[in-house]
Each structure stands twice: as C-alpha cells, then as structure tokens.
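This chain uses plain numbering: 1 for the first residue, then up along the sequence. In this text, all values refer to a predicted model and were calculated from it rather than measured experimentally.
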Amino acid sequence: MTLQNSSYEKIQKELTGAGIVEQPFAWYALMIGVISKGMEPGSRVYNSVFSSLLNDGQPLSGSIIAVLTNQGMDIVEKLKGNSEDLFAFPNDKVEKKQRLQTLADLSYGLSLGLTVDAEDGSLENITDYEMKADLNTISEVAKVDLEAELDEDDLDSVVGFMIDVAVKNFEINKN
C-alpha cells in the first residue's frame, strides 16, 4: 500500500473549514466506524453520535452536518471499494509527528465508532471475541508515542489492518 495519493489535505480542509478544528481525523474515523456499523450518513442518529461523543452534547452547525453527510457518503463508496485511501492518511511529505498524531486520532475515532450501536447511537458492550481483539489492537494504536521512529512498512501494516477491520464490519452490517 502506498500513501502517496491520499486525500488527507482535502478532508482536513473540509473538516476544519466547517469548524472541526480539534482532532478532525478523530471525527473522520468516527464516521468510518459508525458507517461500518451500519449507520446511514446524514441520519438523525448519525448526527447525534457526533454531537454527543465529540461535541459535548452541543448541537452541530449546518455546515458541520453537511460535511459529515458528504464525507459519510464518500466513505460508503470507499468501504464498498475497499479503498486503500479509506483513512486519508497523510503521505511522507507531512511531518512525522503530525502523521503519528493523525494515526492516533484515526485509531481513536475508529475504535469509538465501532462501539456505537447503529440503532440508537448509544455505546454498546462488545461481546464478540474477534471484535474485542480488533478493538484492543486499534485502541493500542491510539496510544502511539508521537516521538517514536516511524517505519513506513509498519505504518502501512497498521493502516491496512484498520482498513480491513472497517471493511469487514461494513460487510457484516450493510443492509
């Protein structure tokens, strides 16, 4: 997998332009997680998840809802196509520390999204052994040391694993 054709800058610009300036890629990965669990982008439950989990329960602005919906529809297509650019991970032209922070944010958002109940948006208790193991692995990635060395092959493996988990869940939960 190469991260050369990533849509990182486009997605970051859209999210920050809508007002999501703190951890925009946690929001992005939360989208991936909840869509993988079977939520429809733009639905009432979909929007309420972002409000309750990442916006301190405050209502979302119209511009944020529009971006979350549009990005969500793009994510659905990426999940259907098993896209290597699903997580819009920055390529090696971006500073190492920023890449590691993005990895931490993406893994945090994905692990959070994969624990959301698609019916009502509540956090659910995961009982499936394989899902628990996947979530534990992804949660550990969120604890990455921002000063650590960055091995591109290891990074590709981690991002590839997260893509596989998201796509697997999407396939299981699609209507």
If you measure from the Lys or Arg side-chain nitrogens to the Asp or Glu carboxylate oxygens, is any gap between Lys10 and Glu14 under 4.0 Å? yes
Point-to-point distance, once rounded to the nearest 0.5 Å, from CD1 of Ile75 to CD1 of Ile11: 7.0 Å
Determine whether Leu103 and Phe89 make a side-chain contact, defined as any pair of heavy atoms from C-beta on separated by less than 4.5 Å. yes
Audit row: Thr16, Ile20, side chain to side chain contact (heavy atoms under 4.5 Å, CB included) steps and yes/no: CA-CA 5 Å; Thr16 57; Ile20 302 169; 5.9 Å; no
Which heavy atom of Leu112 sits nearest to which heavy atom of Thr115, and what is that distance? O-OG1, 2.7 Å
d(Asp164 CG, Asn169 CG) to nearest 0.5 Å is 11.0 Å
Any side-chain heavy-atom pair from Ser107 and Met162 closer than 4.5 angstrom? yes
Can you tell me how far apart CG (Asn91) and CD (Glu152) are? Round to the nearest 0.5 Å. 9.0 Å
Between Lys168 and Asp134, is there a salt bridge with N-O shorter than 4.0 Å? yes
Do Asn136 and Glu140 pair up side chain to side chain, a donor and an acceptor below 3.5 Å, judged on atom types alone? no
Are Ile172 and Phe161 linked, directly or through other ILVMFWY residues, by side chains that come within less than 4.5 angstrom of each other? no
Closest non-hydrogen atom pair between Ile35 and Pro41, with its separation: CD1-CG, 3.8 Å
Heavy-atom count check: over 12 atoms from other residues, nucleotides or ligands less than 6.0 Å from Lys96 NZ? yes
Nearest 0.5 angstrom please: Lys174 NZ to Leu79 CG, how far? 10.5 Å
Begin from the C-alpha positions of Ile138 and Val165 and carry the test side chain to side chain contact (heavy atoms under 4.5 Å, CB included) through to its verdict. CA-CA 9 Å; Ile138 294 167; Val165 169; 3.9 Å; yes
Under the side chain to side chain contact (heavy atoms under 4.5 Å, CB included) rule, what do Leu114 and Ser36 come out as? Steps first, then yes or no, please. CA-CA 7 Å; Leu114 290 173; Ser36 293; 4.0 Å; yes
Distance-only check: which donor-acceptor pairs under 3.5 Å involve side-chain atoms of residues 24-31, not counting sequence neighbours?
{"residue": "Tyr28", "atom": "OH", "partner": "Lys78", "partner atom": "NZ", "Å": "3.4"}
{"residue": "Tyr28", "atom": "OH", "partner": "Leu86", "partner atom": "O", "Å": "3.0"}

Measure across Ala142 and Ala104 and return the closest heavy-atom pair with its distance rounded to 0.1 Å. O-CB, 3.5 Å
Lys37 side chain to Val116 backbone, donor-acceptor under 3.5 Å: yes
Evaluation steps, side chain to side chain contact (heavy atoms under 4.5 Å, CB included), between Phe50 and Asn55: CA-CA 6 Å; Phe50 293 91; Asn55 204 40; over 6 Å; no
Count I, L, V, M, F, W, Y as connected when their side-chain heavy atoms are under 4.5 Å apart, and connections chain through other members. Are Met39 and Met73 then in the same cluster? no
Heavy-atom check, side chain of Asp74 versus side chain of Glu77, under 4.5 Å: no
Gap between atom CD1 of Ile64 and atom OG1 of Thr69 - 0.5 Å precision: 11.5 Å
CD of Glu22 to CG of Leu54, rounded to nearest 0.5 Å, is 10.5 Å
Hey, is CG on Asp128 packed in by over 12 heavy atoms from elsewhere, all under 6.0 Å? yes
Are more than 12 heavy atoms, taken from residues, nucleotides or ligands other than Glu119, located less than 6.0 Å from that residue's CD atom? no
Can you name the ring-ring contact (aromatic ring centres under 6.0 Å, His included) partners of Tyr108, sequence neighbours left out? none
Taking atom types as modelled, find out whether Ser7 and Asp85 have a side-chain donor-acceptor pair closer than 3.5 angstrom. yes
So Thr102 and Phe87, do their side chains get closer than 4.5 Å, heavy atoms only? no
Test of understanding: with side-chain hydrogen bond (donor to acceptor under 3.5 Å, both in side chains), list the residues that count as partners of Gln58, not counting sequence neighbours. none
Can you name the nearest heavy-atom pair linking Ser61 to Ala18, along with the distance? OG-O, 4.2 Å
Counting distance only, does the side-chain N/O of Asp117 pair as donor-acceptor with the main-chain N or O of Leu123 below 3.5 Å? no
List the atom of Glu40, the atom of Tyr46, and the distance in Å for their closest heavy-atom pair. O-CB, 3.4 Å
Sidechain-backbone polar pair: Asp145 side chain, Glu147 backbone, donor-acceptor under 3.5 Å: yes
Could you state whether Ile126 and Val141 fall into the same hydrophobic cluster, counting links through intermediate Ile, Leu, Val, Met, Phe, Trp or Tyr residues with side-chain heavy atoms under 4.5 angstrom apart? yes
